[in-house]
**Student:** 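Handing you this structure, nothing more for now.
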Amino acid sequence: MTIFVKSCLPYTQYTMSEFIDYGNWDFQSVRKSNFVDKSGLLNVLNKNIDSENRFICVSRPRRFGKSVAAKMAYAYYDRSSDSRQLFSGLEITQSPDFEQHLNKYPTIYIDWNRFAEIDKYERLRVAQQRLCADLKESYPFLQEQQFFSNALVEINKKTNDRFILIIDEWDMLIRDVEKDVQDEYVNFLRSMFKSNSAGKTFLLVYMTGILPIIKTETQSALNNFTEYSVIDPGVTAQYYGFTKQEVEQLCVENNMNLDLMTHAYDGYIIGDQKSMFNPNSVMMSILKRNYISYWSKTASFTAIEHYIHIDADNVRTRIIEMMNGEAVPVEVTSFRNDMKNVENCDDVLTLLVHLGYLSYNPETQRVMIPNTEVEGEFKNTVRFADWKEVSQAVGRSFDLINDTIELKAAKIAAAFDEFRPESSSILKINDENSMACAINLAYYAARAYYKIYREMPAGRGFADMVFVPLPRSPRPAVVVELKYNKSTESAIDQIHRKNYPTCLQRFSNKIILVGINYNKAECRHEVELEVVER
């Protein structure tokens with residue numbers, strides 16, 4: 001059972017060290033908030049201490065709990081702390097190994113974000129200088145060293161101390177830099193983890209980042225690491241991001257609406273976890289008491305703008321399909337885990353999965369936009385990427401949904417007639433399915449107020465499109481039936497005959513029926529509207 005704990009914990013003394021023996025105060029701050037118990041992750045780490053699998057790298061998108069997990073791990077292992085009370089009541093305390101590893105090891109914590117402001121060519125040198133200076137505070141006999149790995153080897157030879165090393169944001173130094181900077185950093189890591197003398201100084205290495213370890217040719221540059229990515233998370237799937245059960249409990253405790261929370265922040269599939277939420281957005285939603293987008297606080301469309309121009313035609317087509325609610329196929333194995341070497345559409349989509357803009361389903365090997373929070377970023381992307389036909393359609397879609405609610409059939413038909421030639425370069429409308437794609441895009445703004453379903457089971461069949469109003473929304477439900485070269489009367493008749501509105505009666509007392517026919521001979525749309533009220 002997941003445990004949520006709100007606590008006011010006593011202050012623990014700590015030294016002025018920067019990276020080692022500095023106390024558990026980081027995790028104290030975490031526990032004083034709405035803490036969701038992810039301490040089961042420590043069982044995964046404990047099982048690998050001093051084993052062949054002691055090198056572990058976990059990659060997830062921004063704000064998916066990586067830093068919280070790193071702070072938790074440091075507080076648990078750090079020998080200078082007494083963290084027993086911090087872990088009171090958490091899942092890890094039920095483990096038979098809890099006492100064995102609690103505050104037993106010299107533990108080093110490196111957050112590469114602390115060096116972000118330093119010139120990229122100087123970061124590694126400055127970092128090693130500060131790391132060695134910090135080690136000397138705890139090990140005064142240490143000779144002055146230029147290289148961090150050499151300092152660890154010297155300490156091990158004189159004391160037999162072996163370390164737990166936690167590196168947060170391991171890839172910050174190489175996400176978008178020149179190859180020579182990448183090579184220097186990768187060689188630094190190799191010198192620590194792949195050489196016999198340095199590698200044996202570690203009992204456990206736990207790294208987190210956005211990207212998996214960079215590939216050289218087809219394999220990892222650090223192939224002695226076990227990697228758990230957002231695409232292949234293995235046993236770590238439940239520990240980064242919030243599960244549906246966890247969010248449901250948070251909503252109960254904080255009087256928040258689970259349906260609205262789901263619509264905004266759910267949609268990630270991570271391994272065997274089919275419904276994962278962005279944890280930062282959930283916590284901000286609870287703090288601010290709303291359900292708006294917090295994505296732009298941690299990322300921006302500018303982060304992906306460059307990539308949508310790579311293999312532009314294919315990327316553009318896939319993005320438009322996903323904006324229409326479709327899941328599109330992707331081959332993830334060719335991506336080299338490197339933001340500089342992105343060469344084709346599959347690489348772009350795979351990168352967007354790692355960045356959190358898309359959700360990857362390993363069973364279908366398809367990706368899709370996970371939720372309305374991220375949809376807003378794609379809307380910004382198409383607007384600033386100068387996709388005029390799409391941008392204009394999205395802009396006009398606010399009027400279209402209002403005209404539908406106000407039963408303005410002529411204006412709706414005129415809007416579709418205008419949209420069709422504009423969209424002809426991206427959507428070839430020649431049957432009911434392609435009509436559905438075009439009309440779904442034309443109604444794009446409705447996603448702010450509705451959950452939109454394509455081919456939804458309803459009554460005695462499947463309705464082409466159903467708009468279910470979000471909780472607390474006063475807007476009516478909408479059922480859309482499409483016909484290609486037939487008649488609007490047959491569309492409305494089918495809605496009644498197959499009793500589609502019955503599935504919507506629990507959501508709204510008012511249901512708008514929309515029959516749309518494309519008249520091929522006259523190249524125009526015909527629209528008929530009807531209202532059903534209980």
**Student:** Can you check whether T226's main-chain N or O pairs, donor with acceptor, with N53's side chain at less than 3.5 Å?
**Tutor:** no
**Student:** If you draw a 6.0 Å radius around NZ in K340, do more than 12 non-hydrogen atoms from other residues or ligands fall strictly inside?
**Tutor:** yes
**Student:** Assess the side chains of Y139 and D161: does a donor N or O sit below 3.5 Å from an acceptor N or O?
**Tutor:** yes
**Student:** Around E137, counting heavy atoms of other residues, nucleotides and ligands shown, do more than 12 lie under 6.0 Å from its CD?
**Tutor:** no
**Student:** Measure from the side-chain N and O atoms of K38 to the backbone N and O of G241, and report whether any donor-acceptor pair falls under 3.5 Å.
**Tutor:** yes
**Student:** Once rounded to the nearest 0.5 Å, what's the spacing between atom CG of L349 and atom CG of N314?
**Tutor:** 9.5 Å
**Student:** Quick one: salt bridge (Lys or Arg N to Asp or Glu O under 4.0 Å) pairs with a partner in residues 190-202, sequence neighbours left out?
**Tutor:** none
**Student:** Keeping the roles fixed (side chain from H354, backbone from I231), state whether a donor-acceptor pair exists under 3.5 Å.
**Tutor:** no
**Student:** In Å and rounded to the nearest 0.5 Å, what is the OG1 to CD distance from T93 to E99?
**Tutor:** 9.5 Å
**Student:** How about N24 and Q28: does a side-chain donor come under 3.5 Å of a side-chain acceptor?
**Tutor:** yes
**Student:** Any heavy-atom pair between the side chains of I308 and I319 that's under 4.5 Å?
**Tutor:** yes
**Student:** With the threshold set at 4.0 Å, does a side-chain nitrogen-carboxylate oxygen contact exist between D50 and R162?
**Tutor:** yes
**Student:** Using 4.0 Å as the upper bound for N to carboxylate O, is an ion pair formed by R114 and E169?
**Tutor:** no
**Student:** How are the rings of W170 and Y185 set to each other: parallel, tilted or perpendicular (split at 30° and 60°)?
**Tutor:** parallel
**Student:** Could you go through Q182 and D338, starting from their C-alpha distance and side-chain angles, then the distance that decides it, and tell me whether this counts as side-chain hydrogen bond (donor to acceptor under 3.5 Å, both in side chains)?
**Tutor:** CA-CA 10 Å; Q182 283 189 354; D338 178 1; 3.0 Å; yes
**Student:** Hey, is the main chain of L152 close enough, under 3.5 Å, to the side chain of N156 for a donor-acceptor pair?
**Tutor:** no
**Student:** Could you walk me through whether F35 and F27 pass the ring-ring contact (aromatic ring centres under 6.0 Å, His included) check?
**Tutor:** CA-CA 10 Å; F35 178 67; F27 191 50; 5.6 Å; yes
**Student:** So, taking the atom named CG in N290 and the one named OG in S285, what distance separates them when rounded to the nearest 0.5 Å?
**Tutor:** 6.0 Å
**Student:** Side-chain contact, heavy-atom cut-off 4.5 Å: I213 with N337?
**Tutor:** no
**Student:** Answer yes or no: are there more than 12 heavy-atom neighbours, outside K274 itself, under 6.0 Å from its atom NZ?
**Tutor:** yes
**Student:** Before you tell me yes or no, could you show the steps for M283 and V36 under side-chain contact (heavy atoms from CB on, under 4.5 Å), namely the whole-Å CA-CA distance, both residues' side-chain angles and the distance that decides it to 0.1 Å?
**Tutor:** CA-CA 10 Å; M283 288 306 196; V36 176; 3.9 Å; yes
**Student:** Would you find a donor on one side and an acceptor on the other, under 3.5 Å apart, between the side chain of S33 and the backbone of V30?
**Tutor:** yes
**Student:** After noting the C-alpha distance and the side-chain angles of N46 and Y77, does the key distance pass the side-chain hydrogen bond (donor to acceptor under 3.5 Å, both in side chains) rule?
**Tutor:** CA-CA 10 Å; N46 287 344; Y77 293 119; 2.6 Å; yes
**Student:** Work out which heavy atom in E246 is nearest to a heavy atom in T243; give both atom names and the distance.
**Tutor:** OE1-N, 2.9 Å
**Student:** Any side-chain heavy-atom pair from I270 and Y240 closer than 4.5 angstrom?
**Tutor:** no
**Student:** With the side chain counted from C-beta on, respond yes when V186 and F188 share a heavy-atom pair under 4.5 Å apart, and no when they do not.
**Tutor:** no
**Student:** Given S334, which partner from the list N344, T350, D347, D346 fulfils the side chain to side chain donor-acceptor pair (under 3.5 Å) test?
**Tutor:** D347
**Student:** Side chains of D37 and S39: is there a donor and an acceptor less than 3.5 Å apart?
**Tutor:** yes
**Student:** Could you go through the side-chain contact (heavy atoms from CB on, under 4.5 Å) check for N113 and D168 one step at a time?
**Tutor:** CA-CA 8 Å; N113 278 321; D168 197 14; 5.8 Å; no
**Student:** Can you measure from CD1 (I110) to CZ (R130) and round to the nearest 0.5 angstrom?
**Tutor:** 11.0 Å
**Student:** Using modelled atom types and a 3.5 Å cut-off, is there a donor and acceptor pairing between side-chain atoms of S88 and backbone atoms of Q85?
**Tutor:** no
**Student:** So, R123 and E184, do they make that salt bridge, N to O below 4.0 Å?
**Tutor:** no
**Student:** Name the orientation class of the two ring planes belonging to F225 and F55 (parallel below 30°, tilted from 30 to 60°, perpendicular beyond 60°).
**Tutor:** tilted
**Student:** Counting only heavy atoms not in K179, do more than 12 fall under 6.0 Å of its NZ?
**Tutor:** no
**Student:** Do you know which two heavy atoms are closest between R289 and N255, and how far apart they sit?
**Tutor:** NH2-O, 3.2 Å
**Student:** Which word best sums up how the rings of Y357 and F378 line up, parallel for under 30°, tilted for 30 to 60°, or perpendicular for over 60°?
**Tutor:** perpendicular
**Student:** Quick one: does Y291's side chain have a donor or acceptor within less than 3.5 Å of a partner on N257's backbone?
**Tutor:** yes
**Student:** Rounded at 0.5 Å granularity, tell me how far CG in L102 sits from CG in D82.
**Tutor:** 7.0 Å
**Student:** Can you name the closest pair of heavy atoms from A151 and L142 and give their distance?
**Tutor:** O-CD1, 3.7 Å
**Student:** Should D183 and D180 count as side-chain neighbours, where that means a heavy-atom distance under 4.5 Å?
**Tutor:** no
**Student:** Do you know which two heavy atoms are closest between V230 and R60, and how far apart they sit?
**Tutor:** N-NH1, 3.7 Å
**Student:** Can a side-chain donor-acceptor contact be found between N103 and S81 if the only test is distance below 3.5 angstrom?
**Tutor:** no
**Student:** Given R54 and L203, is the side-chain contact (heavy atoms from CB on, under 4.5 Å) satisfied, shown in steps?
**Tutor:** CA-CA 7 Å; R54 66 187 183 276; L203 287 167; 5.7 Å; no
**Student:** Contact between D272 and Q238 at the side-chain level, heavy atoms closer than 4.5 Å - yes or no?
**Tutor:** no
**Student:** Are D232 and Y360 linked by a side-chain donor-acceptor pair shorter than 3.5 Å?
**Tutor:** no
**Student:** Which atom names give the shortest non-hydrogen contact between V353 and P61, and what distance separates them?
**Tutor:** O-CG, 4.1 Å
**Student:** Any luck finding a side-chain donor-acceptor pair between N43 and S95 under 3.5 Å?
**Tutor:** yes
**Student:** So, E373 side chain and W295 main chain: donor-acceptor pair closer than 3.5 Å or not?
**Tutor:** yes
**Student:** List the atom of V181, the atom of K120, and the distance in Å for their closest heavy-atom pair.
**Tutor:** CG1-O, 4.0 Å
**Student:** Answer yes when E154 and K157 have at least one side-chain N-carboxylate O distance shorter than 4.0 Å, and no when they do not.
**Tutor:** no
**Student:** Step through the shown structure and confirm whether more than 12 heavy atoms of other residues, nucleotides or ligands are within 6.0 Å of CD on E52.
**Tutor:** no
**Student:** For the atom pair CG (L165) and OH (Y105), what is the distance rounded to the nearest 0.5 Å?
**Tutor:** 15.0 Å
**Student:** Are side-chain heavy atoms of M261 and I286 found at a separation under 4.5 Å?
**Tutor:** yes
**Student:** Can you list the steps and then say if Y268 with F64 is a ring-ring contact (aromatic ring centres under 6.0 Å, His included)?
**Tutor:** CA-CA 11 Å; Y268 293 96; F64 258 71; 5.1 Å; yes
**Student:** Please evaluate residues Y109 and K71 with respect to the criterion side-chain contact (heavy atoms from CB on, under 4.5 Å), reporting the C-alpha separation (whole Å), side-chain torsions for both, the decisive distance (0.1 Å), and the verdict.
**Tutor:** CA-CA 8 Å; Y109 183 15; K71 292 171 183 176; 3.8 Å; yes
**Student:** With a 4.5 Å cut-off on side-chain heavy atoms, are F148 and L135 touching?
**Tutor:** yes
